[in-house]
Protein chains: 2
Amino acid sequence: MYKTLFDHIEKFTPLKPFEIEILESGLGITKIKKKQHVLQEGQICNTMYFITKGCFRQYIINNKGTEQTLQFGIESWWITDYLSFHNQTPSHFYIQAVENSEIIAIEKPVLESLLIQIPKLERYFRIVSQKSFGAAQMRIKFLFTMSAEERYNHFKNQQPDFVQRVPQYMLASYLDFSAEFMSKIRAGKV
Amino acid sequence: MYKTLFDHIEKFTPLKPFEIEILESGLGITKIKKKQHVLQEGQICNTMYFITKGCFRQYIINNKGTEQTLQFGIESWWITDYLSFHNQTPSHFYIQAVENSEIIAIEKPVLESLLIQIPKLERYFRIVSQKSFGAAQMRIKFLFTMSAEERYNHFKNQQPDFVQRVPQYMLASYLDFSAEFMSKIRAGKV
DNA sequence: TGAATTTCTTGAAGTAGTTCAAGATTTATA
DNA sequence: TATAAATCTTGAACTACTTCAAGAAATTCA
């Protein structure tokens with residue numbers, strides 16, 4: 001439902017009815033099945049994705065062939081590779097649905113046209129991305145200062161529901177330790 | 001010099017003479033001496049800093065009492081704690097001059113007023129922060145996939161001049177290993 | 001439902017890094 | 001220019017994790 005997006009925008013800047021109309025006429029909702037990719041490594045990322053339902057992750061495959069999740073996104077999150085999007089360079093990342101999901105996919109030219117028609121969207125995206133950057137800085141802080149067990153407990157306290165929502169091995173890699181070690185943490189064997 | 005900032009803005013969106021005038025009349029340049037802080041842990045961050053000359057770092061003090069640098073900023077970079085800035089919550093970070101430096105400091109109310117007078121600044125800050133977020137994602141990728149030595153070599157290849165510019169122990173903590181280990185990497189003793 | 005797939009667990013062995021302590025070198029300052 | 005302060009180096013002991021391998025449990029779907 002578009003409402004998820006309109007509500008999110010209105011957290012930061014109010015929308016007039018005609019602006020909502022423009023958005024409704026320009027956007028579409030796409031269903032994405034679990035495990036389906038919306039971006040693969042090497043592709044140029046030309047789309048921003050707003051998640052209206054479900055869960056996605058951004059991950060890489062390291063040189064041992066193991067997947068490492070860098071970022072999760074759930075309802076009301078934007079997910080994309082901003083560097084590839086802005087610089088038109090091949091992406092380093094995969095973006096994949098973790099659950100059956102629904103997204104609003106906005107292609108770069110459509111976004112540019114919406115930003116011209118509804119300039120206050122610039123403000124919306126500014127604030128969203130500044131907050132995302134702030135969150136990324138906190139993430140780096142946690143990675144730097146906490147032990148594996150502390151990172152797991154901290155995450156579980158902050159996002160108790162989310163821990164149930166994704167496979168343990170994905171969460172382990174997001175927290176930067178191995179799936180096996182996650183098992184041991186949970187079993188209290190560390 | 002303001003020119004550093006105007007040039008940076010014009011990389012993303014052109015400025016008209018009257019807009020430059022508004023900026024010139026509303027902004028000021030501050031000199032910050034080496035080691036001086038512009039933000040301390042626990043403070044609410046109400047200012048964005050644009051570096052016109054010199055070098056800053058954002059760091060934390062971990063529970064062993066050691067400083068860990070999360071981010072460096074040099075000429076034409078913005079540095080602030082966006083999370084504290086937006087949510088008006090106490091900052092987790094210190095921001096400190098690494099060299100004698102000059103910055104344009106913009107207080108939150110001044111920024112808000114500038115954004116109203118010059119709406120295209122929303123676009124400027126949107127693009128800058130989206131690119132910063134993209135860079136933070138790449139940083140996390142490197143932290144996840146490379147060994148300490150690889151991270152050092154990669155950084156040195158990307159930013160050969162910068163390696164000379166800051167103390168080794170600061171760079172070591174930025175790359176997430178100990179100062180002693182940095183010594184051993186450089187001596188080829190690993 | 002049953003077979004296939006995905007996910008989770010466990011222990012043993014290994015290692016990439018840390019920590020500590022002390023001295024050497026470089027840089028800043030009175 | 002001498003003294004203090006900051007930064008860098010080195011080796012030895014340690015440890016928080018990884019890797020591997022194999023089986024167990026849970027989930028998916030024909």
Side-chain angles (χ1 to χ4, degrees), chain A residues 33-37 54-55 57 59-69 72 96-101 142-156 162-190, chain B residues 33-37 54-55 57 59-69 72 96-101 142-156 162-190:
Chain A
K33 286 226 177 98
K34 186 171 171 169
K35 301 214 170 158
Q36 194 180 326
H37 288 89
C55 177
R57 65 171 178 144
Y59 71 94
I60 51 148
I61 298 182
N62 68 20
N63 47 23
K64 277 160 208 133
T66 314
E67 295 173 358
Q68 288 188 269
T69 299
F72 289 107
Q96 182 195 45
V98 177
E99 303 169 353
N100 291 329
S101 303
F142 294 137
L143 289 169
F144 274 22
T145 56
M146 292 180 177
S147 70
E149 194 175 5
E150 286 167 341
R151 294 200 295 279
Y152 173 69
N153 287 323
H154 179 263
F155 188 90
K156 201 174 58 155
F162 190 77
V163 174
Q164 315 302 329
R165 203 165 159 182
V166 297
Q168 272 180 43
Y169 71 89
M170 281 187 197
L171 185 53
S173 76
Y174 175 78
L175 296 172
D176 200 23
F177 47 76
S178 67
E180 294 90 337
F181 199 64
M182 169 72 104
S183 253
K184 286 161 194 170
I185 289 172
R186 287 167 45 97
K189 295 189 179 170
V190 298
Chain B
K33 286 226 177 100
K34 186 171 171 172
K35 299 212 172 158
Q36 195 180 325
H37 288 89
C55 177
R57 65 171 178 145
Y59 71 95
I60 51 148
I61 298 182
N62 67 21
N63 47 24
K64 278 158 207 134
T66 313
E67 296 172 359
Q68 288 187 271
T69 298
F72 289 107
Q96 183 195 44
V98 177
E99 303 170 354
N100 291 330
S101 302
F142 293 137
L143 288 170
F144 273 23
T145 56
M146 291 180 177
S147 71
E149 193 174 6
E150 286 167 341
R151 293 199 296 278
Y152 173 69
N153 287 323
H154 180 263
F155 189 91
K156 201 174 58 153
F162 190 76
V163 174
Q164 316 300 329
R165 203 165 161 180
V166 297
Q168 270 180 45
Y169 71 88
M170 281 187 199
L171 185 54
S173 77
Y174 175 78
L175 296 172
D176 200 22
F177 47 76
S178 67
E180 294 90 338
F181 199 65
M182 170 72 105
S183 253
K184 285 161 196 172
I185 289 172
R186 286 168 44 98
K189 296 188 179 171
V190 297

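Computation of the quantities below employed the complete heavy-atom set of this structure, encompassing side-chain atoms and omitting hydrogens, waters and symmetry-equivalent molecules. Lettering follows sequence order; numbering is per chain, from 1.
Taking for each of B:Ala179 and B:Lys35 the nucleotide of DNA chain D with the nearest heavy atom, the 5'-most of the two is the partner of B:Lys35. Both A:Glu149 and B:Ser183 lie close to DNA chain D; mapped to their nearest nucleotides by heavy-atom distance, the more 5′-ward contact belongs to B:Ser183.
Here C:dT9 presents its C1' atom at 11 Å from CZ of A:Arg186, a figure rounded to the nearest Å. Spacing between atom NZ of A:Lys189 and atom P of C:dC8 amounts to 16 Å, rounded to whole angstrom units. Rounded to whole Å, the distance from CD on A:Glu180 to C1' on C:dG14 is 14 Å. Between the CE atom of A:Met146 and the C1' atom of C:dT18 there is a distance of 19 Å, given to the nearest Å. Going from atom CZ of A:Phe181 over to atom P of C:dT9 covers 14 Å, rounded to whole Å. For the pair A:Met170 CE and C:dT7 P, the computed distance is 6 Å after rounding to whole Å.
Atom CE of B:Met146 and atom CG of A:Asn62 lie 12.0 Å apart (nearest 0.5 Å).
Residue B:Tyr169 is classed as a sugar-phosphate contact, given heavy-atom separations below 4.0 Å to backbone atoms only. Contact annotation for A:Lys184: base contact, defined as any heavy-atom pair under 4.0 Å involving a base atom.
Taking the side chain as every heavy atom from C-beta outward, A:Arg165 and A:Phe72 never approach each other to under 4.5 Å. Put simply, the side chain of B:Ser173 does not reach to within 4.5 Å of the side chain of B:Thr66, judged on heavy atoms.
Each of B:Gln68, B:Met182, B:Arg57 was compared with B:Met170 under the side-chain contact (heavy atoms from CB on, under 4.5 Å) criterion, and only B:Arg57 meets it.
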Task: Verdict with supporting geometry, A:Val163 and A:Tyr152, side-chain contact (heavy atoms from CB on, under 4.5 Å) - done: CA-CA 10 Å; A:Val163 174; A:Tyr152 173 69; 4.3 Å; yes
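Heavy-atom contacts of chain A under 4.0 Å fall on DNA chain D between two terminal nucleotides, which in 5' to 3' order are D:dC17 to D:dT28.
Using cut-offs of 30° and 60° for the angle between ring planes, the B:Phe155 and B:Tyr174 rings count as perpendicular.
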